[in-house]
Amino acid sequence: MTSAADDRRFMAAALRLSRWNTGLTATNPSVGSIVVKDGKIVGQAVTARGGRPHSETQALAVAGEKARGATVYVTLEPCSHHGRTPPCANALVAAGVSRVVVCLNDPDPRVSGRGFAILREAGIEVETGLLEDEGRRALAGYLARQTKGRPYVTLKLAVSADGMIGRRGEELAITGPQTRAQVHVMRAESDAILVGIGTALADDPELTVRLSGLENRSPLRIVLDRRLELPTSSRLVASADTVPVVAVTDPFCETHPSNEARLRTLMSAGVEILQSADLSELLTNLATRGISSLMVEGGAQVARGFLDAGLVDRVVLFQSDVAVGRDGLESPLTPSNMPAEFQRVREGRFGADRCFEYERGL
């Protein structure tokens, strides 16, 4: 019999494992599963890229006969519905496990509570809610799409010591190389990344992941481009054939004759054109496409738009000791003016820069 401390240790390991494929499992969540027998890990797995197979069946396959009588730690309630693969709850029963410890209940109505019922009806001991807060953070994107019908939105800001995010008419690197590397990690963990047309025109960003070994984890790139101003010479358009780009425009933009040529040019370059009346409609549309997590990178007007609409779930704010001066572009948020609904959950450093992480609530 494992102790409470052992249970927490193995569930923490399952949660770390679940993050390996964050952003790579399509509409399915990235779940971690660990099979433990006599205090030793005999099988472990994470949801495969693309969402199949699930982590439980993979971990059981690794464990083989050692799964009989074992305890399985799973970060999300095992599925109970027949899809492209049999239910994981049934696979656990067939493997003869004696106990299943789960971090979170699955809010998917096809599963919610049914996975646990299958296990208990087979005489398997089931415990739930272990490290629940940590699990909600690890599966925040999936939970937001299931319960709110939209992706989980992270707003990333790089802010100077005097509260600026840049300087008018000038490209300025506020944060250092360690922070910029961490931003690439954040991109790799996101399903999509979004900027406004102002940022696209001023900075000509590529918005891909360029860390060694993670280059294939670049997310869908989205530009809020009401008048279809994205240049075909931009880095975004030039790379649209390898990493998808979506330009979001007004519902009636393409009916204007002056926009037809730009529309055809962008589409022929591989850019998808998406119509959306507002940010809420856009997020709902993204959720129907299986987008569970969205990283908003800029600029100030876009950030304020998401904040004013109440659509930001998490803020990651990097602050440097660089002072921009009076001609700077003021940040919509700084550590000293964070709205009350956001609670600081983490603080650290990346090189010379400080990092503050806030959550609206899980």
Backbone N/O of Val324 and side chain of Arg167: donor-acceptor pair under 3.5 Å: yes
Steps toward side-chain contact (heavy atoms from CB on, under 4.5 Å) verdict (Leu266, Val237): CA-CA 8 Å; Leu266 287 173; Val237 176; 4.0 Å; yes
Path from Phe342 to Val296 over hydrophobic side-chain contacts below 4.5 Å: yes
side-chain hydrogen bond (donor to acceptor under 3.5 Å, both in side chains) partner of Glu359, the single match among Arg314, Gln343, Arg137: Arg137
Side-chain heavy-atom pair Arg8, Leu131 within 4.5 angstrom cut-off: yes
Side-chain heavy atoms of Val111 within contact of Pro78, under 4.5 Å: no
Minimal non-hydrogen separation, Ile291 against Arg145, with atom names: O-CD, 3.5 Å
Arg217 side-chain N/O to Leu24 backbone N/O, donor-acceptor pair under 3.5 Å: no
4.5 Å side-chain heavy-atom contact, Glu347 and Arg354: yes
Cluster link Val195 to Ile222, ILVMFWY, side chain under 4.5 Å: no
Arg110 side chain to Ser80 backbone, donor-acceptor under 3.5 Å: no
Ser190 side chain to Met186 backbone, donor-acceptor under 3.5 Å: yes
Val248 backbone acceptor or donor facing Asp225 side chain under 3.5 Å: no
Distance-only polar pair, side chains of Tyr142 and Asp106, donor-acceptor under 3.5 Å: yes
Within-4.5 Å side-chain heavy-atom neighbours: Asp313 and Arg150: yes
Whether Phe10 and Tyr73 hold their rings parallel, tilted or perpendicular, with breakpoints at 30° and 60°: tilted
Any donor-acceptor N or O pair under 3.5 Å, side chains Arg68, Ser98: no
Side-chain (Arg180) to main-chain (Ala173) donor-acceptor, under 3.5 angstrom: no
Side-chain donor-acceptor pair present, Asp7, Thr2, cut-off under 3.5 Å: yes
Flag for Thr334-Asn337: side-chain donor and acceptor within less than 3.5 Å: yes
Any side-chain heavy-atom pair of Phe306 and Leu155 under 4.5 Å: no
